[in-house]
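Note that this is a predicted model, so its numbers are computed, not measured.
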Amino acid sequence: MKRILTFTFMFMLSLLLMAGVWGYCVNGVVYHCTDGLWLDFFSPGQWVHEPVERVISVDRAAGMGKADSMLYGWTVGRLWLLWGGMVAMCLSLSGIVTCCRDL
């Protein structure tokens, strides 16, 4: 039971950390959704809505009258890969901490 609680606590903590990283390094940098929320990490797949404008630089201040935007070279599929990698890191970190804690 102690291992389950440790794993769950570490997983939740690491997810919150990744949500902060996503909000700081991805949302508003790689893409901008005009009606997005501040915790986009927890709503996967809802990052941008059609029509999506490809841009060189994302404008965080774009209002509802503008289209959602994404940097050239990025796709929703690549955002899914990045998100999946971040969740996998959370799972790995939680597993490592849980296993090493008992050593």
Taking the side chain as every heavy atom from C-beta outward, state whether Arg54 and Ser69 have any atom pair closer than 4.5 Å. no
Please check: side-chain N/O of Thr75 versus main-chain N/O of Arg78, any donor-acceptor pairing under 3.5 Å? yes
Are Trp22 and Trp47 an aromatic pair, judged by ring center distance below 6.0 Å? yes
Evaluate the criterion side chain to side chain contact (heavy atoms under 4.5 Å, CB included) for residue pair Ile96 and Met10; output intermediate values, then yes/no. CA-CA 10 Å; Ile96 290 168; Met10 285 306 301; over 6 Å; no
Within one Ile-Leu-Val-Met-Phe-Trp-Tyr cluster: Val21 and Tyr31, side-chain cutoff 4.5 Å: yes
Any side-chain to backbone donor/acceptor pair from Thr8 onto Leu5? Under 3.5 Å, distance only. no
Crowding at CZ, Phe9 (>12 non-hydrogen neighbours, <6.0 Å): no
Sub-3.5 Å donor-acceptor pair from the side chain of Asp68 to the main-chain atoms of Val52, do we have one? no
Leu13-Val97 co-clustered via ILVMFWY side chain contacts under 4.5 Å: yes
Is the shortest side-chain heavy-atom distance between Val58 and Leu71 below 4.5 Å? yes
Could you tell me how the ring of Phe11 sits relative to the ring of Phe7: parallel (under 30°), tilted (30 to 60°) or perpendicular (over 60°)? parallel
If you group Ile, Leu, Val, Met, Phe, Trp and Tyr by side-chain heavy-atom gaps below 4.5 Å, do Trp83 and Val76 land in one group? yes
With the 4.5 Å side-chain cut-off for hydrophobic clustering, are Trp80 and Leu82 part of the same group? yes
Connected via hydrophobic side-chain network under 4.5 Å: Leu16 and Met86: yes
If you define the side chain from C-beta out and look only at heavy atoms, does anything of Val87 sit under 4.5 Å from Phe41? yes
